[in-house]
Amino acid sequence: MAETNIAPIAKGIAIGIIGPEPLVEKMNHCLKGFPSFDPITRAYSLEDEAPELARELMDHVEVLLFSGPVPYRLAVERLSFKIPVHYVRLSGTGLYRALYRIGRRNGLTELSVDTLSKQSLEQAFRELGETYQGTVHYPGSEFESKEALIDFHAEQYRLGKAKAALTSVGSVSAALSELGIPNEWVLPTDQDIIVALERSLLSSETRRSKESQIVVGFIHVDEFDRLAKKKTSEHEVQRLKLDIHRMLLGYVESLDGHLTHLGGNEYLFITTRGIFERETGGYKSIPLARVVEKYYGLSLSIGIGFGRSANEAGTHARLALRNSKESGGDICFIVREDKSVIGPLEMTQPHEYDLSLIDANLLKRAEEAGLTSGYLSKLVAHVTRFGKTDYTAQELANVLDVTVRSTHRFLLAWLDSGLIDIIGEEKGKSKGRPKQIYRLSFLSELVR
């Protein structure tokens with residue numbers, strides 16, 4: 001993969017991505033879901049190259065993200081950073097994939113393991129229905145040098161304590177293969193990378209400063225005259241206008257914004273960037289359009305403008321609206337400060353929620369309770385869409401698209417972590433044990 005040159009002026013939040021080429025490509029793919037980021041990527045062959053790559057990027061980006069703990073440690077030890085620095089943490093299906101592959105070749109007993117916690121490995125064995133035995137974990141920190149990790153695996157293999165090795169470091173895997181030691185490289189999943197990108201976004205100075213930035217939007221009701229001609233009286237036409245105005249007013253109120261009717265079929269609204277970003281799921285969808293189409297059979301053309309001043313935001317909003325109209329209507333575009341364009345946005349309700357918009361402490365608590373970003377995204381989307389936090393296990397299973405048995409296992413972990421509460425029982429019509437009702441109290445602040 002060709003390296004990206006350092007740009008003199010970044011369009012969005014400049015983030016530096018450092019890792020081995022396979023992981024850099026994977027991280028680059030995940031970055032497509034983060035329009036606020038303007039990535040500058042650097043791939044290395046050996047982890048020892050990471051500090052020099054970080055030195056090259058640190059004065060040109062707002063935040064740095066490493067593919068794993070080893071390159072992160074090397075860079076932090078040798079450099080003094082004035083910007084936030086993060087690395088991708090391993091969890092979830094990447095470990096299951098590695099266990100499946102190594103289990104088929106060498107079995108799942110007598111393994112040597114580095115950088116992965118004993119707790120996460122034990123949980124994976126339980127999920128797979130396997131017996132956890134004969135596994136030796138590296139006794140040091142996850143930030144140890146690759147030489148120490150190679151020596152550890154080689155020693156366990158030589159002593160006959162391990163038949164194969166599990167490592168999250170690519171160069172360690174390559175070295176063990178050269179030594180003839182069976183091993184598997186545990187790669188992070190897309191979810192692992194997305195969580196790391198979310199943390200990186202929350203830590204950036206631009207993200208924090210842009211929370212209160214003014215956003216200007218223009219809404220044009222497409223083909224209103226066509227619908228008005230079907231009305232039998234002027235009173236019905238005026239009533240339709242009032243109904244549409246009321247619906248738009250309710251939407252802008254959800255943005256804590258201000259709405260002005262500009263005459264004809266056009267409206268202007270003003271809000272702040274932080275609220276607009278959250279309500280659109282990270283600039284992904286405008287559910288208002290779906291509601292207008294459902295109730296009135298009308299479509300909307302929407303233009304959103306960001307700017308360093310209200311005047312600039314208004315100019316960009318008008319440009320975005322023109323793009324929407326020229327594209328045939330029923331579409332939304334955003335024009336940013338540098339006149340680059342985001343869009344088109346989906347004019348429907350998203351099924352998932354961008355977790356970069358959720359408080360970092362909440363993400364950490366959920367992760368510690370075993371709640372992956374994918375499941376949390378689905379929960380947040382359902383809570384914010386329907387305004388409810390009380391569910392039965394069956395309802396949660398439907399939301400998460402998992403079995404009821406798996407849901408009960410999740411619920412026990414969430415209860416132990418204090419994320420949810422049991423608030424009562426639901427007595428069904430059929431005989432049997434009443435269904436317990438669980439309140440997702442850790443998400444209650446998302447319900448308006």
A.B. asks: Enter the distance from S254:OG to I275:CD1 here, rounded to the nearest 0.5 Å.
C.D. replies: 9.5 Å
A.B. asks: How long is the span from the NZ atom in K146 to the CG atom in D48, to the nearest 0.5 Å?
C.D. replies: 4.5 Å
A.B. asks: Taking atom OH of Y100 as the centre, report whether more than 12 heavy atoms of other residues, nucleotides or ligands fall under 6.0 Å from it.
C.D. replies: no
A.B. asks: Mark yes or no for whether S340, through its side chain, and R336, through its backbone, hold a donor-acceptor pair below 3.5 Å.
C.D. replies: no
A.B. asks: Below 4.5 Å, heavy atoms only, C-beta onward: do V215 and I334 meet side chain to side chain?
C.D. replies: no
A.B. asks: Does a donor on one side chain and an acceptor on the other come within less than 3.5 Å for H153 and D114?
C.D. replies: yes
A.B. asks: Counting only N and O atoms by type, is there a donor-acceptor contact under 3.5 Å from the side chain of E326 to the main-chain atoms of N323?
C.D. replies: no
A.B. asks: Do D192 side-chain atoms and D190 backbone N/O form a donor-acceptor pair below 3.5 Å?
C.D. replies: no
A.B. asks: Enter the distance from Y72:OH to I18:CD1 here, rounded to the nearest 0.5 Å.
C.D. replies: 12.5 Å
A.B. asks: Nearest 0.5 Å, please: how far is CG in L46 from OG in S171?
C.D. replies: 6.5 Å
A.B. asks: Do the rings of F152 and Y138 sit parallel, tilted or perpendicular, given the 30° and 60° boundaries?
C.D. replies: perpendicular
A.B. asks: Inspect the contact between E337 and R273 and indicate whether a charged nitrogen and a carboxylate oxygen are less than 4.0 angstrom apart.
C.D. replies: yes
A.B. asks: Could you check V88 against L65 for side chain to side chain contact (heavy atoms under 4.5 Å, CB included), going step by step and ending with a plain yes or no?
C.D. replies: CA-CA 7 Å; V88 179; L65 178 61; 4.2 Å; yes
A.B. asks: What closest approach, in Å, do L166 and A98 show between heavy atoms, and which atom pair accounts for it?
C.D. replies: CD2-CB, 3.9 Å
A.B. asks: Can S67 and M27 be said to form a side chain to side chain contact (heavy atoms under 4.5 Å, CB included), step by step?
C.D. replies: CA-CA 8 Å; S67 62; M27 294 165 76; 4.0 Å; yes
A.B. asks: Would you say the side chain of V63 lies within less than 4.5 Å of the side chain of H86, judging by non-hydrogen atoms?
C.D. replies: yes
A.B. asks: Can any side-chain N or O of D222 pair as donor or acceptor with the backbone N or O of D330 at less than 3.5 Å?
C.D. replies: yes
A.B. asks: Please walk me through it: do R439 and D390 pass salt bridge (charged side-chain N to carboxylate O under 4.0 Å, His left out)?
C.D. replies: CA-CA 4 Å; R439 174 163 294 165; D390 299 345; 2.7 Å; yes
A.B. asks: Considering only heavy atoms from C-beta outward, does the side chain of P182 approach that of I102 to under 4.5 Å?
C.D. replies: no
A.B. asks: When rounded to the nearest 0.5 angstrom, what distance separates CG in L187 from CG in L95?
C.D. replies: 11.5 Å
A.B. asks: Of all heavy-atom pairs between Y87 and G68, which one has the smallest distance, and what is that distance?
C.D. replies: CB-O, 3.5 Å
A.B. asks: Mind checking the CG-OG1 spacing from L53 to T41? Nearest 0.5 Å is all I need.
C.D. replies: 10.5 Å
A.B. asks: May I ask you to decide if L64's main-chain N or O and S200's side chain share a donor-acceptor pair within less than 3.5 Å?
C.D. replies: no
A.B. asks: Looking at Y391 and K388, what are the two nearest heavy atoms and their distance?
C.D. replies: OH-O, 3.2 Å
A.B. asks: State, with a plain yes or no, whether a side-chain heavy atom of I194 is found less than 4.5 Å away from one of Q191.
C.D. replies: no
A.B. asks: Heavy atoms only: give me the nearest L248-L288 pair and the separation to one decimal.
C.D. replies: CD2-CD2, 3.7 Å
A.B. asks: So does T392 get a backbone contact from the side chain of E395, meaning a donor-acceptor N/O pair under 3.5 Å?
C.D. replies: yes
A.B. asks: Could you pull out the closest heavy-atom pair between E130 and L108, with the gap in Å?
C.D. replies: CG-CD1, 3.6 Å
A.B. asks: Under 4.0 Å between a Lys/Arg side-chain N and an Asp/Glu carboxylate O for E312 and R308?
C.D. replies: yes
A.B. asks: Is M58 close to F81 at the side-chain level, that is, under 4.5 Å between some pair of heavy atoms?
C.D. replies: yes
A.B. asks: Salt bridge check: are E110 and K161 linked by an N-O gap of less than 4.0 Å?
C.D. replies: no
A.B. asks: Could you check whether any side-chain heavy atom of I286 comes within less than 4.5 Å of a side-chain heavy atom of I302, counting everything from C-beta outward?
C.D. replies: yes
A.B. asks: I'd like to know if the side chain of T271 reaches the main chain of L255, judged simply by a donor and an acceptor atom lying under 3.5 Å from each other, with no hydrogens or angles considered.
C.D. replies: yes
A.B. asks: For R105 and E184, what are the C-alpha separation, side-chain angles and deciding distance, and is it a salt bridge (charged side-chain N to carboxylate O under 4.0 Å, His left out)?
C.D. replies: CA-CA 10 Å; R105 296 196 310 266; E184 189 65 35; 3.1 Å; yes
A.B. asks: Side-chain contact test, heavy atoms from C-beta onward, threshold under 4.5 Å: evaluate it for L321 versus H220 and give yes or no.
C.D. replies: yes
A.B. asks: Apply the test side chain to side chain contact (heavy atoms under 4.5 Å, CB included) to residues V61 and I83: give CA-CA distance (whole Å), side-chain angles for both, the deciding distance (0.1 Å), then the verdict.
C.D. replies: CA-CA 8 Å; V61 297; I83 58 173; 3.8 Å; yes
A.B. asks: Looking at V169, is its backbone amide N or carbonyl O close enough to the side chain of S173 to form a donor-acceptor pair, meaning the two atoms are under 3.5 Å apart?
C.D. replies: no
A.B. asks: Which heavy atom of E47 sits nearest a heavy atom of L74, and at what distance?
C.D. replies: O-CD1, 3.4 Å
A.B. asks: Could you go through the side chain to side chain contact (heavy atoms under 4.5 Å, CB included) check for I40 and I17 one step at a time?
C.D. replies: CA-CA 6 Å; I40 303 173; I17 303 294; over 6 Å; no
A.B. asks: Using the rule given for side chain to side chain donor-acceptor pair (under 3.5 Å), can you reason through Y251 versus E253, listing the C-alpha separation, both sets of side-chain angles and the distance that settles it, and then say yes or no?
C.D. replies: CA-CA 5 Å; Y251 173 69; E253 186 179 22; over 6 Å; no
A.B. asks: Tell me, do I304 and V216 make a side-chain contact under 4.5 Å, heavy atoms counted?
C.D. replies: no
A.B. asks: Any donor-acceptor pair under 3.5 Å linking the side chain of S417 with the backbone of W414?
C.D. replies: no
A.B. asks: Look at K325 together with E266 and state whether they make a salt bridge at an N to O cut-off of under 4.0 Å.
C.D. replies: yes
A.B. asks: Within the side chain of Q213, is there an N or O that forms a donor-acceptor pair under 3.5 Å with the backbone of G307?
C.D. replies: yes
